[in-house]
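Structure first, commentary second.
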2 protein chains.
Amino acid sequence: MTSATISSEIDRERFAAVGRALADPKRLCVLETLAAGERSVSELSRDVGCQVPNMSQHLAVLRSAGLVATRRDGTTVYYRLADSRVLETYRLIQTLAR
Amino acid sequence: MTSATISSEIDRERFAAVGRALADPKRLCVLETLAAGERSVSELSRDVGCQVPNMSQHLAVLRSAGLVATRRDGTTVYYRLADSRVLETYRLIQTLAR
DNA sequence: TGACTACTTGCGTATTTGCGCAAGTGATGA
DNA sequence: TCATCACTTGCGCAAATACGCAAGTAGTCA
């Protein structure tokens, strides 16, 4: 099939939320880091280069878009990619950006 | 390969521009419409349901992200999807949005 | 219970984005 | 050249977003 299914406005709003999650370089950096394995918030904060509260907010965006998942161990929260399609999508976007 | 390549900040900025282009429901509606074939600005404006200047701005975003291409015929500008990967990416995003 | 670590949330601010409306540009045809 | 159609650009405003900093919450351990 070459033609697209026409979505409802409500569905497009959800799809756009995924787009928004992918619309910030710091969040993309998070995805790249998580591709190597799960990381805590403070680790991500250090690797990406921003403050912990700011990282927490970025992670909330990724999380509510369903791109990352979490696991708690004691006081530490570990984030991971929610699905292999996340990286697949990001790679496609990379090839798309000329 | 499962691990991701770490990009430069400059590259991630370009990738994020693609994300931003995909971050608005009206622009996603444009992509769905263009999946059926090229359309003029006024046609898109009518189909998507917004004013022509607004559509022109949305198209500029999609264009500068490299997602759509144009062809001029007289006074009419026809827009089309720039690449089959655009729709491929959008479909992946659709499956990703739970 | 109290101190500590790890993270989240609230708040104020600067920047960006989407939109409507008006004005500008560019190609066509009388 | 002038009028017209199709589109783009400029401008002002409201809403959304990213950020830093302060405060709050949650789990652990003495």
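All figures in this text were calculated on a predicted structure; none of them were measured in a lab. Numbered from 1 within each chain, the chains take letters A, B, ... in sequence-line order. The figures that follow rest on heavy atoms only: side chains count, while hydrogens, waters and symmetry mates do not.
Note on A:D83 versus A:R85: salt bridge recorded, some NZ/NE/NH1/NH2 to OD/OE distance being below 4.0 Å. With respect to the salt-bridge test (charged N to carboxylate O, under 4.0 angstrom), the residues B:R91 and B:E88 do not qualify.
Under a 4.5 Å side-chain heavy-atom criterion applied to ILVMFWY residues, the cluster that includes B:L92 comprises A:L92 as well.
In this structure, a donor-acceptor pair under 3.5 Å is absent between the side chains of B:E32 and A:T5.
Scanning residues 39-54 of chain A for heavy-atom distances under 4.0 Å to DNA chain C yields A:S40, A:V41, A:S42, A:V52, A:P53. DNA chain C lies under 4.0 Å from no heavy atom of any residue of residues 14-26 of chain A. Heavy-atom distances under 4.0 Å link DNA chain C to A:T75, A:T76 of residues 58-76 of chain A, given in residue order.
Side-chain nitrogen and oxygen atoms of A:Y79 include none within less than 4.0 Å of the OP1 or OP2 phosphate oxygen of C:dA6.
In this structure, B:D73 and B:R71 approach most closely via the heavy-atom pair CB-NH1, 3.9 Å. What you find for B:V18 and B:A65 is that their closest heavy atoms are CG2-O, 4.0 Å. When all heavy atoms of B:A21 and B:L67 are compared, the closest pair comes out as CB-CD1, 3.8 Å. Heavy atoms only, all atoms of each residue included: A:A16 and B:L28 are closest at N-CD1, 3.6 Å.
When the C1' atom of C:dA6 is taken as reference, atom CE of A:M55 falls 14 Å away, rounded to whole Å. When rounded to the nearest whole Å, the span between OH of A:Y78 and C1' of C:dC7 equals 13 Å. In this structure, CD of A:E38 is placed 12 Å from P of C:dC7, rounded to the nearest angstrom.
Linking Ile, Leu, Val, Met, Phe, Trp and Tyr residues whenever their side-chain heavy atoms come within less than 4.5 Å leaves A:L87 and A:V61 in two separate clusters.
The side-chain heavy atoms of A:V68 and A:L31, taken from C-beta on, include a pair separated by under 4.5 Å. Residues B:I93 and A:T89 form a side-chain contact, since some pair of their non-hydrogen atoms from C-beta on lies under 4.5 Å apart.
Residue pairs meeting the side chain to side chain donor-acceptor pair (under 3.5 Å) criterion with at least one partner in residues 53-65 of chain A, sequence neighbours excluded, are A:R27-A:H58, A:N54-A:H58, A:R63-A:T70.
Without hydrogens or angle criteria, B:R80 side chain to B:Y78 main chain gives no donor-acceptor distance under 3.5 Å.
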Under-3.5 Å N/O pairs linking protein and nucleotides 1-3 of chain D:
none

